[in-house]
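Start at 1 and go down the list; that is how both ligands and their atoms are numbered.
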Amino acid sequence: MLGAMAEALLIVDFQNDFCPGGALEVPEGAAIAGRVAELAGTGRFDPVVATRDWHPPDHGSFREQGGRWPVHCVQGTPGAELHPSLDRSQVDVVLDKGTDPHTDGYSGFDGTALAELLRDRSVDAVTVCGLATDVCVRHTALEALQEGFAVTLDEAGSRGLDPRDIERTFAEVRERGGRVA
Ligand code: VGL
Ligand code: ZN
């Protein structure tokens, strides 16, 4: 019999800087903690991957470099750490992105080995949650669809910056064959 295919959980950028009090607050960002813990604890996902937005201090997305965001998630700073609610023993792989100063690195697949990692582990489906729905969760979910994975965007496990952009993200994911649940 052929090997069974697996489903991965992608926890996108659940980091202090995207939570209340952080440098780039997502409204209610920390409110995903319970749902993320529930998803990571089900045992249904293999592997559980947590991405980190992991920028050099002069990243091109920062306003002082002409970008659109305040300085956030600088490598090695407390703001860049995964949210303390996240049980690291439930996370199989921590994957850093946004390390190239000249690219946004919004998607967990951008400049990382994520696609290869998932294929090596016979993953054919991913559930995506995290922060922010309308930025990095969006880019990660859409790129996962493009890469041929079945995609579920977990609404309760995500929060975003702009309500209209969040709705647009849900519509885009559905239009391209993904699920919002
Ligand atoms: C993100 C803005 C800038 C995100 C990352 O993780 O959604 N948003 N960098
Ligand atoms: Zn960033």
Side-chain angles (χ1 to χ4, degrees), residues 8-33 35-36 39-40 48-86 91 93-115 126-146 151-173 176 178 180:
L9 179 65
L10 306 182
I11 305 167
V12 175
D13 300 1
F14 188 20
Q15 293 165 275
N16 294 323
D17 269 346
F18 296 122
C19 291
L24 208 175
E25 283 186 28
V26 175
E28 300 181 359
I32 67 171
R35 177 59 178 163
V36 171
L39 288 168
V48 174
V49 178
T51 69
R52 291 191 301 195
D53 207 34
W54 196 248
H55 296 314
D58 62 344
H59 192 256
S61 76
F62 298 163
R63 277 180 202 134
E64 56 196 49
Q65 310 291 329
R68 61 179 286 208
W69 306 112
V71 172
H72 65 278
C73 296
V74 173
Q75 298 166 3
T77 63
E81 289 306 310
L82 294 171
H83 190 265
S85 70
L86 198 56
V91 176
V93 181
V94 177
L95 203 142
D96 295 334
K97 64 178 186 59
T99 58
D100 174 7
H102 306 296
T103 52
D104 287 329
Y106 290 149
S107 164
F109 293 91
D110 185 5
T112 72
L114 181 56
V126 297
T127 286
V128 187
C129 62
L131 306 173
T133 309
D134 42 345
V135 188
C136 289
V137 171
R138 170 176 179 266
H139 280 83
T140 301
L142 295 180
E143 195 158 358
L145 285 166
Q146 216 152 22
V151 172
T152 301
L153 198 171
D154 192 276
E155 185 170 1
S158 310
R159 290 293 187 282
L161 291 166
D162 179 85
R164 292 186 54 204
D165 291 340
I166 294 167
E167 284 308 314
R168 225 189 317 263
T169 296
F170 293 159
E172 280 178 307
V173 166
R176 299 184 198 189
V180 179

Student: Please report which non-hydrogen protein atom sits nearest to atom 1 (C) of ligand 1, along with the residue it belongs to and the distance in Å to one decimal place.
Tutor: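 Going atom by atom, the protein heavy atom closest to atom 1 (C) of ligand 1 ends up being C136 SG, 3.3 Å.
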
Student: When rounded to the nearest 0.5 angstrom, what is the spacing between CG in L95 and OG1 in T112?
Tutor: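 These two atoms lie 4.5 Å from each other.
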
Student: Taking backbone and side chain together, does D53 place any N/O/S atom at a distance below 2.8 Å from the Zn ion (ligand 2)?
Tutor: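 It does: D53 brings an N, O or S atom closer than 2.8 Å to the Zn ion (ligand 2).
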
Student: Roughly how far, to the nearest 0.5 Å, is the OG1 atom of T51 from the CG atom of D13?
Tutor: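 Reported value, rounded in 0.5 Å steps: 4.0 Å.
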
Student: Do any N/O atoms on D13 end up under 3.5 angstrom from N/O atoms on ligand 1?
Tutor: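 Among all N and O atoms of D13, at least one is under 3.5 Å from an N or O of ligand 1.
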
Student: Begin with the C-alpha distance, continue with both residues' side-chain angles, and end with the deciding distance and a verdict on side chain to side chain contact (heavy atoms under 4.5 Å, CB included) for W69 and V135.
Tutor: CA-CA 12 Å; W69 306 112; V135 188; 4.2 Å; yes

Student: Nearest heavy atom to atom 3 (C) of ligand 1: which of H59, H72, R159, R68 does it belong to?
Tutor: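 When every heavy atom of H59, H72, R159, R68 is considered, H72 comes closest to atom 3 (C) of ligand 1.
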
Student: Testing the basics here: between C129 and V36, what is the closest heavy-atom pair and its distance to 0.1 Å?
Tutor: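 That closest heavy-atom pairing would be SG-CG2, 4.1 Å.
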
Student: Please round to the nearest 0.5 Å and tell me the distance separating atom CG of D154 and atom CG of L10.
Tutor: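 The CG atom of L10 is 11.5 Å from CG of D154, to the nearest 0.5 Å.
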
Student: Counting only nitrogen or oxygen atoms and a 3.5 angstrom limit, does W69 reach ligand 1?
Tutor: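 So ligand 1 has no N or O lying under 3.5 Å from an N or O of W69.
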
Student: Considering non-hydrogen atoms of the protein only, which is the closest contact for atom 8 (N) of ligand 1, and what is the distance?
Tutor: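 Going by distance alone, atom 8 (N) of ligand 1 is nearest to V135 CG1, 3.4 Å.
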
Student: Number the atoms of ligand 1 from 1 as they appear, then name those within less than 4.0 Å of a heavy atom of A132, with their elements.
Tutor: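 Numbered from 1, ligand 1 contributes 4 (C), 6 (O), 7 (O).
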
Student: Could you check whether D96 and T99, counting side-chain N and O atoms only, form a donor-acceptor pair closer than 3.5 Å?
Tutor: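 Judged by distance alone, the side chains do not pair up.
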
Student: Relative to the ring of F14, is the ring of H83 parallel (under 30°), tilted (30 to 60°) or perpendicular (over 60°)?
Tutor: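 Geometry flag for F14 against H83: parallel rings.
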
Student: Would H139 count as a contact of ligand 1 if the rule is a heavy atom under 4.0 Å away?
Tutor: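 Distance cut 4.0 Å: H139 fails for ligand 1.
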
Student: Indicate if the distance from the Zn ion (ligand 2) to the nearest N, O or S atom of C136 falls below 2.8 Å.
Tutor: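 Coordinating: no.
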
Student: Check whether any N or O atom of F18, backbone or side chain, sits under 3.5 Å from an N or O atom of ligand 1, and answer yes or no.
Tutor: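 No, F18 has no N/O under 3.5 Å of an N/O on ligand 1.
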
Student: Using heavy atoms and a threshold below 4.0 Å, how should the contact between L131 and ligand 1 be classified: side chain, backbone, both, or neither?
Tutor: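 Backbone only.
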
Student: What is the closest protein heavy atom to atom 5 (C) of ligand 1, and at what distance does it sit?
Tutor: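 Nearest neighbour among protein heavy atoms for atom 5 (C) of ligand 1, to 0.1 Å: D53 OD2, 3.1 Å.
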
Student: For the rings on F109 and H139, is their centre-to-centre separation under 6.0 Å?
Tutor: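 No; H139 has its ring centre 6.0 Å or more from that of F109.
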
Student: Any N/O/S atom from H55 (main chain or side chain) under 2.8 Å of the Zn ion (ligand 2)?
Tutor: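 Checking the Zn ion (ligand 2) against H55, an N, O or S atom does fall under 2.8 Å.
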
Student: First locate atom CZ of R52, then atom SG of C73, and finally report the distance between them rounded to the nearest 0.5 Å.
Tutor: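 Spacing of CZ (R52) from SG (C73) equals 10.0 Å.
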
